[in-house]
Engineer: 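Take a look at this one; I'll ask things after.
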Number of protein chains: 2
Amino acid sequence: MIIKRSDCLQCRMRDQSIFAGLNTEELCSLGMEVQDIEGQHGDFLYRMGEPARYAYTLRNGAVKLVSSLESGQEVIVRLLHHGDLLGFEGMQGEHHRHSAIVLAPSQLCRLDLAELQRLSERLPKVRAAILQRWQDALQKSEERIIELGAKRAEARLATFLLQWAQRYPQLRSLPFPLTRTDIAAFLGLSTEHVSRIMADFKRQALIQEQGGQLEILKPQNVAHIAGMPDEHKSD
Amino acid sequence: MIIKRSDCLQCRMRDQSIFAGLNTEELCSLGMEVQDIEGQHGDFLYRMGEPARYAYTLRNGAVKLVSSLESGQEVIVRLLHHGDLLGFEGMQGEHHRHSAIVLAPSQLCRLDLAELQRLSERLPKVRAAILQRWQDALQKSEERIIELGAKRAEARLATFLLQWAQRYPQLRSLPFPLTRTDIAAFLGLSTEHVSRIMADFKRQALIQEQGGQLEILKPQNVAHIAGMPDEHKSD
DNA sequence: CGCCAGATTGAGGAATATCAAACAGAGTGG
DNA sequence: CCACTCTGTTTGATATTCCTCAATCTGGCG
């Protein structure tokens, strides 16, 4: 894991970050120390139970938030892509509720939580941005409760693949650094069951996989399995 | 459903509300219209898809937040008790993502969202209180994801009963206005399966039920089934 | 090549859903 | 007070979904 100082002024993600809407002067006057982090597959950004000192913005790559139970079982609580925030549960001065583990080579910004706290008091725009992310996280979280509570394995997996694809709108072929075990830990299924369904999908030529890349060949059919209302039939 | 004007100055819940920490003068100067609402079993406070105009504080009683799928299936996204907030997803000017349905006779405060918005800009204490609730909601939501993803029916139900009991710390016998179908919609199970497990628990004399009241006779055993670490053995 | 982690497949069994029926209790109208 | 209905619960039988265990297969890599 490589850590160096970051120059927010040059950042290409700035307009999607929580500092969006601030002009250059405001940004300069933040006086905030921001680190630039490069993470490789398997790196821990932080571990469950540690006191939270930093928040992160994921500029690029993919990260999983994992909660480990006493049984040894691991559940993936959230999956993060470019633009997502993590570590913010520490804003209220708490400990990390999950471990953050890098899935694919990732670039992140690391912000000091205490500084961020002060900053958000001072700048309504930053505050609003953070609140918005918080709300988004809650919404997604509730959507997953519905998935887990109401749908069967096939439908859950189909939904999951479509949602993953939505995060890479331009690409036909998606980066897909998850193992079957990861998917299982996210969907509340066994590794084998996920493998079976994925193999089925492939046999039906709904999807295609090669070298960490995934392609959804028949999005409409997948959406149908997911139990989605038929949106965007023209796609 | 009865609606009348409310007098926040007299409110007994004030120190647990989002207006906690404000002194009497500040509270008077809010200039905020607050309604006092009495809801009966089955009343809708709002419906999924409606534009959000109000937020609510549940002072007393119980409310369920329900999301209805196209299949007709219903999932209970959250269960609310005294002190909980609802309807705040509208703070960002959106529509309600679920329907709020009264379970037991309830008293609520209804706040105008636009006014609340302005208020939270002005008063850091109010803002912080709301942010805190938001974080709590996210945390609980993530805990449920873990429950649904990792635990089996018995353990889920046991956890659920204990968490319900936690909301009524003083009482041996708890108000319990949920039907088996409600519990099932909350835990992602079938009504019959919930009924079977509840009946089992009763036969094992772990719990006892009568007239909408529930008593947990052997909390430790229930906690064991829930897969909890053995906290508070002295209880 | 051998090795290893991950993926796939199969067989059997456990957990849960579904369908159907019986049952209990709380009104409600006679 | 009793029959009646309605809603929610319980129970049983059966089907389905999903998990577990074990074996095999695959591709990357030293």
Side-chain angles (χ1 to χ4, degrees), chain A residues 40-42 64 69 71-76 101 103-104 147-161 176-204 206-214 225-227, chain B residues 40-42 64 69 71-76 101 103-104 147-161 176-204 206-214 225-227:
Chain A
Q40 292 304 312
H41 176 86
K64 61 178 174 181
L69 309 191
S71 63
Q73 203 174 358
E74 304 207 322
V75 178
I76 296 185
I101 307 175
L103 288 168
E147 288 285 309
L148 291 172
K151 292 188 181 174
R152 307 202 248 90
E154 259 200 340
R156 269 185 249 171
L157 182 51
T159 308
F160 166 69
L161 292 176
F176 196 72
L178 298 175
T179 67
R180 303 291 183 242
T181 304
D182 282 331
I183 304 173
F186 187 76
L187 298 178
L189 301 169
S190 70
T191 304
E192 296 92 331
H193 201 191
V194 170
S195 177
R196 270 184 250 273
I197 299 172
M198 287 290 281
D200 264 4
F201 283 0
K202 282 192 214 168
R203 276 188 283 268
Q204 295 175 48
L206 301 175
I207 64 172
Q208 186 180 318
E209 234 182 340
Q210 52 184 338
Q213 298 281 114
L214 174 76
I225 294 173
Chain B
Q40 291 305 312
H41 175 85
K64 62 178 174 181
L69 309 190
S71 64
Q73 204 174 357
E74 304 208 322
V75 178
I76 296 184
I101 307 175
L103 287 169
E147 288 285 309
L148 291 172
K151 291 190 183 173
R152 305 203 250 89
E154 258 200 343
R156 269 185 249 171
L157 182 50
T159 307
F160 165 69
L161 293 176
F176 195 71
L178 298 175
T179 67
R180 305 284 123 122
T181 303
D182 283 330
I183 304 173
F186 188 78
L187 298 178
L189 301 169
S190 70
T191 305
E192 295 92 330
H193 201 188
V194 170
S195 176
R196 270 183 251 273
I197 299 171
M198 287 290 281
D200 264 3
F201 284 180
K202 282 192 216 168
R203 275 187 285 268
Q204 295 174 49
L206 301 176
I207 64 172
Q208 185 179 321
E209 232 184 342
Q210 52 183 339
Q213 297 282 112
L214 174 76
I225 293 173

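First the proteins, then the strands, lettered A, B, ... as listed; each starts at 1.
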Engineer: Estimate the overall bend of the helix from C/dC1-D/dG30 to C/dG30-D/dC1 from the end axes over five pairs each, rounded to 10 degrees.
Structural biologist: 20°
Engineer: Quick one: pull up CD1 in A/Ile183 and CG in A/Leu189 and give me the separation to the nearest 0.5 Å.
Structural biologist: 10.0 Å
Engineer: If I take atom CG in residue A/Asp200 and atom P in nucleotide C/dT8, what distance separates them, rounded to the nearest angstrom?
Structural biologist: 11 Å
Engineer: Any protein N or O atoms within reach of nucleotides 10-12 of chain C? Criterion: under 3.5 Å, listing atom names and distances.
Structural biologist:
from: C/dG10; atom 1: N7; to: A/Arg196; atom 2: NH1; distance (Å): 2.9
from: C/dG10; atom 1: O6; to: A/Arg196; atom 2: NH2; distance (Å): 3.2
from: C/dA11; atom 1: N6; to: A/Arg196; atom 2: NH2; distance (Å): 3.4

Engineer: Could you tell me whether A/Gly212 contacts a base, only the sugar-phosphate backbone, or nothing, with contacts defined as non-hydrogen atoms closer than 4.0 Å?
Structural biologist: nothing
Engineer: Of all nucleotides in DNA chain D that come within under 4.0 Å of a heavy atom of chain B, which is furthest toward the 5' end and which toward the 3' end?
Structural biologist: D/dT9 to D/dA13
Engineer: For the backbone of A/Ala104 and the side chain of A/His41, can you confirm whether one donor and one acceptor N or O come within less than 3.5 Å of each other?
Structural biologist: no
Engineer: Please list all pairs meeting side chain to side chain donor-acceptor pair (under 3.5 Å) that have one or both residues in residues 190-199 of chain B, counting only residues at least two apart or in different chains.
Structural biologist: B/Thr181-B/Thr191
Engineer: Ignoring backbone atoms, test whether B/Ser190 places a side-chain nitrogen or oxygen under 4.0 Å from the OP1 or OP2 oxygen of C/dA17.
Structural biologist: yes
Engineer: Under the side-chain contact (heavy atoms from CB on, under 4.5 Å) test, which residues partner B/Gln40, sequence neighbours left out?
Structural biologist: B/Asp43, B/Pro105
Engineer: Considering only heavy atoms, which members of residues 176-185 of chain B lie under 4.0 Å from some atom of DNA chain C?
Structural biologist: none
Engineer: Output the rounded distance in Å from CD (B/Gln73) to P (C/dT18).
Structural biologist: 8 Å
Engineer: Whole angstroms only, please: what is the CZ-C1' distance between B/Arg152 and C/dA14?
Structural biologist: 9 Å
Engineer: Reckon B/Gly211 touches a base, only the sugar-phosphate, or nothing at all at heavy-atom distances under 4.0 Å?
Structural biologist: nothing
Engineer: Donor-acceptor pairs under 3.5 Å, side chain of residues 148-161 of chain A to any protein atom, not counting sequence neighbours: which ones?
Structural biologist:
from: A/Lys151; atom 1: NZ; to: A/Glu147; atom 2: OE2; distance (Å): 2.8
from: A/Lys151; atom 1: NZ; to: A/Thr159; atom 2: OG1; distance (Å): 3.3
from: A/Lys151; atom 1: NZ; to: A/Ala226; atom 2: O; distance (Å): 2.8
from: A/Arg156; atom 1: NE; to: A/Lys151; atom 2: O; distance (Å): 3.1
from: A/Arg156; atom 1: NH1; to: A/Leu187; atom 2: O; distance (Å): 2.6
from: A/Arg156; atom 1: NH2; to: A/Lys151; atom 2: O; distance (Å): 3.3
from: A/Thr159; atom 1: OG1; to: A/Glu147; atom 2: OE1; distance (Å): 3.3
from: A/Thr159; atom 1: OG1; to: A/Ala155; atom 2: O; distance (Å): 2.7

Engineer: Run the side chain to side chain contact (heavy atoms under 4.5 Å, CB included) test on A/Lys64 and A/Asp182 for me, step by step, so that the C-alpha distance in whole Å, both residues' side-chain angles and the decisive distance to 0.1 Å come before the verdict.
Structural biologist: CA-CA 9 Å; A/Lys64 61 178 174 181; A/Asp182 282 331; 2.8 Å; yes
Engineer: Is the backbone N or O of B/Ile197 less than 3.5 Å from a side-chain atom of B/Asp200, with the two atoms forming a donor-acceptor pair by type?
Structural biologist: no
Engineer: Partners of B/Glu209 by side-chain contact (heavy atoms from CB on, under 4.5 Å), sequence neighbours excluded?
Structural biologist: B/Phe176, B/Arg180, B/Met198, B/Lys202, B/Leu214
Engineer: Once you round it to whole Å, what is the distance between P of C/dA24 and NZ of B/Lys202?
Structural biologist: 13 Å
Engineer: Under 4.0 Å between any heavy atoms, over every strand shown, what does B/Lys151 touch: base, sugar-phosphate, or nothing? Just pick one.
Structural biologist: nothing
